[in-house]
Amino acid sequence: MKQTALEKSIDPASQAMLQKAEDEGIETAWDRYEKQLPQCSFGQLGICCRNCNMGPCRIDPFGEGAEKGICGATADVIVARNLLRMIAAGAAAHSDHARDAVLTFKKMSEGEAGSYRIKDEAKLLSLASEYGIPSQEKSNEEVAAELANVLLLEFGKQNGPLLCTKRAPESRLRLWLDLGIEPRGIDREIVECMHRTHMGVDNDATHILLQGLRTGLSDGWGGSMIATDVQDILFGTPEPKKSTVNLGVLSLDKVNIIVHGHEPILSEMIVEAAEDPELLELAKEKGAAGINVAGICCTGNETLMRHGTPIAGTFLQQELAVITGAVEAMVVDVQCVMPSLGGLAGCYHTKFISTSPKADFPGTLRMEFHEEKAYDTAKEIVRTAVENFPNRNIEKVNIPEEKQECMVGFSAEAILKALGGSPDPLIEAIAGGAVKGIGAVVGCNNVKIQHNYGHVNLVKELIKNNVLVVTTGCNAIACAEAGLLVPEAAALAGDGLKGVCEALGIPPVLHMGSCVDISRILVLASAIANRLGVDISALPAAGAAPEWMSEKAVSIGAYVVSSGVFTVLGTIPPVLGSQAVTALLTKGLDGVVGATFAVEPDPFKAANLMLEHIEGKRKALGLK
Amino acid sequence: MKDLIIRPERCMGCRSCEVACAVSHSESKNLFSALGEEPSPKKRISVEHVSALEVSLPITCRHCEDAPCVSVCPTKALSKDTATGTVNHNRELCVDCWTCSMVCTRFSNLYRLILVSGCWTSSMAHNYGVIDRRTEEGTVIRCDLCGDRELPACVEACPTHALAFLEVERRQGTNALSFS
């Protein structure tokens, strides 16, 4: 049955654009989803295997047909192997992003990437000292060069531990070591996943899943954390600031450039180039009132956190932004970029510009980006957008009015600063019961759930029950669109949390950044756990990914749970075809890493699961 | 009369119809919940590979009341059990003439495919699979076209439309069928 625009999204701006799409006969992800229905049961249950060419094999979930693949792999083995490959892909995406950030950082330190400089000297020096690099009598560039080399070694080294894991509580490190899941080298873990899942290698579901946890840890406490750190040095550690979100940030009279994807390396330059007097003059010549840069997905979150650049939308709004008819250029780098954008851009005047040497798409204008001439390329991209402004067909333009203010920029450093330099005030608020606990809510959009319905309702339930929410990724954007990222949203919080927010002047939902910045949440959780002298798993905290869809989210789930945080997934992962794997993930892991997964598509019930968990942990700590 | 029509040339052998059928005949009607049900839900359709034709095809029997296959069977290999309502098949008596598939609304397409592919003889050995006579503990497990559903679950699940739900008419005085 065809969904109406109102059923597809809870966001009025998105509903309006979905209606426009329908009126104009434009296809979106929701239409393509309908054509995929019903989806393949074997895929949904994770019981098909294509890892060798004797197959493809699949297991009959109802036991009448095949119980094993040709090689003899049972549903347990097939599900576990498929899950491990998802984790490997997710960890690879985050970590390869990190590698590029470090390579840019290294080139910068060697003077080969003139467009970049050290923005946060304090973070450079503190990282140098953390990694044991002496910084006396050295220039910042020399320190940066040494740090870059140490960080690059993290990818290729053969023996653990990854250096960032030292930030975790001692007891957690010991646990990982005892379980044999202490991550070694970032690349090594990912390669080993591919090896183990090759035909005839690792064929014990539990053994396979332990490697999944280790690989996840190499992402959360490796790749993602390195990406966050290096990007902070290069572009500045985020501090609280105000901005606006939703499709209404697009401008009727300015050149609109959207930066979409996941890396700030290029978008930082685009933001800078959009202020270039020469290009502003050109914009004026072309009849535009200026140049407006807006973000989508985590590229958007990166520039939002550091510059307050507005955000046009979440993952599922990427097509809707083009459908406004007001986007001169959709500039993309990597991850979560729909290949449909090429054809869609062709229906409007939009230039779909792909920039990453790794990611090409049908229907793009290729403007490959290299650090050595970063600013020049960024200028060329902005110029292309400006020159495209006169091609805008005003009859096709309809920009939704909705735009919402938000307060963002809550890096772990900024949160500690807001608390007066130590986590103590937050710990006291938790101990006193004003704040019941911390909810980390993250993740994507997924057409299987009404756009933003899962995100917004889950977070509202948590703050109503005095759980302080930290958020990243598309959950953060969804919350911003729903008006939850302003200090005034404290009115929606329970009395205790409301009081704390009002005293500190902060929103009840703290935007901590992009999806690699979930590493900031790990750092914050460790700071609190270390202060209390307990493990992360003892904290009254829970995680959720209400609308997750990407493999990165699977890797995130693996490292968040292995770090000791109970996590609720809003869409069903492809594992239910194996009772053993399902039982391990939802029950067994508790006895291994002190946390489990739960699956609950209903955001209200999901919030209850998190609240129950938080209550349980409070009791165990002797808190009321 | 509307019936399930099999278009073997489109079947990719993915078995989506089988799982959808079992789920549609489960207590919960939901894939994820159906997994744990006791007794486990039973499918009424079976994908079989006919190697001589190099096709896979979903096989399913409605156990028609006026089963035309029974009336045309020259050796009485097919018979109707009046007590249980099942169409039964006796392997001993079957001579692989395929006349049954010629008159079966569901299988006339397959019959045509056999004619076109010209491998009549080699394919005849596979007749045993054509009409499914699945029973369990005396209960008839028959295709009921999913009762109240607008479309049978297998038709909805088939990604290549190898299963269709069409109006079938038998031209008067002949065995020829037309679909619309």
Side-chain angles (χ1 to χ4, degrees), chain A residues 1-2 32-50 54-70 74-76 78-79 448-449 569-583 585-587 597-602 605, chain B residues 11-49 56 58-60 129 132-137 139 141 146 148-163 165:
Chain A
M1 207 173 5
K2 212 166 162 53
R32 295 188 294 272
Y33 172 55
E34 268 162 28
K35 286 187 187 155
Q36 287 295 334
L37 290 175
Q39 289 175 309
C40 171
S41 305
F42 299 100
Q44 291 183 78
L45 299 175
I47 44 177
C48 48
C49 178
R50 292 185 297 118
M54 293 196 290
C57 294
R58 54 226 177 310
I59 305 302
D60 181 345
F62 299 115
E64 280 188 70
E67 287 172 10
K68 287 173 188 165
I70 296 164
T74 58
D76 297 339
I78 292 174
V79 166
K448 290 176 180 172
I449 291 184
L569 305 175
T571 65
I572 300 168
V575 301
L576 299 197
S578 160
Q579 286 181 2
V581 172
T582 305
L585 295 176
T586 57
K587 295 187 189 83
F597 287 97
V599 177
E600 181 49 68
D602 181 326
K605 290 183 189 161
Chain B
C11 178
M12 297 179 74
C14 73
R15 298 183 187 271
S16 295
C17 55
E18 291 184 359
V19 180
C21 178
V23 172
S24 176
H25 292 92
S26 69
E27 270 305 303
S28 61
K29 317 276 184 220
N30 173 286
L31 171 68
F32 302 115
S33 317
L35 285 178
E37 282 178 22
E38 286 290 340
S40 72
K42 291 279 173 288
K43 60 184 180 171
R44 279 96 167 120
I45 190 165
S46 231
V47 176
E48 294 188 14
H49 189 246
S56 296
I59 287 167
T60 164
D132 193 48
R133 293 149 299 273
R134 184 176 298 271
T135 60
E136 189 178 286
E137 293 160 15
T139 336
I141 306 276
C146 288
D148 295 337
R149 285 179 72 115
E150 203 179 325
L151 268 183
C154 57
V155 175
E156 196 181 88
C158 181
T160 57
H161 305 285
L163 291 167
F165 194 49

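Chain letters run A, B, ... following the sequence lines, proteins first and then strands; every chain starts at 1.
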Do you know which two heavy atoms are closest between [X] and [Y], and how far apart they sit?
X      : Y       : result
Q44(A) : F32(B)  : OE1-CZ, 3.6 Å
F62(A) : S40(B)  : O-OG, 3.5 Å
E64(A) : K43(B)  : OE2-N, 3.4 Å
L31(B) : L45(A)  : CD1-CD1, 3.8 Å
P38(A) : A157(B) : CG-CA, 3.3 Å

Are there more than 12 heavy atoms of other residues, nucleotides or ligands under 6.0 Å from atom [atom1] of [X]?
X      : atom1 : answer
M12(B) : CE    : no
Q39(A) : CD    : yes
K29(B) : NZ    : yes

Original post:
For C14(B), is it the side chain, the backbone, both or neither that has a heavy atom under 4.5 Å from a heavy atom of chain A?
Top reply: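 Contact with chain A involves the backbone of C14(B) alone.
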
Original post:
Given that the side chain runs from C-beta out, which part of A34(B) has a heavy atom under 4.5 Å from chain A: side chain, backbone, both or neither?
Top reply: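 Contact with chain A: backbone and side chain both.
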
**OP:** Could you tell me the separation between the CZ atom of R58(A) and the CZ atom of R15(B), rounded to the nearest 0.5 Å?
**Re:**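 CZ of R15(B) is found 5.0 Å from CZ of R58(A).
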
Subject >> Those residues that, when tested against R32(A), pass salt bridge (charged side-chain N to carboxylate O under 4.0 Å, His left out) (two or more places apart) >> reply: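 Applying salt bridge (charged side-chain N to carboxylate O under 4.0 Å, His left out) to R32(A) gives E27(A), E319(A).
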
Original post:
Who are the salt bridge (charged side-chain N to carboxylate O under 4.0 Å, His left out) partners of E600(A), not counting sequence neighbours?
Top reply: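 Expected list: none.
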
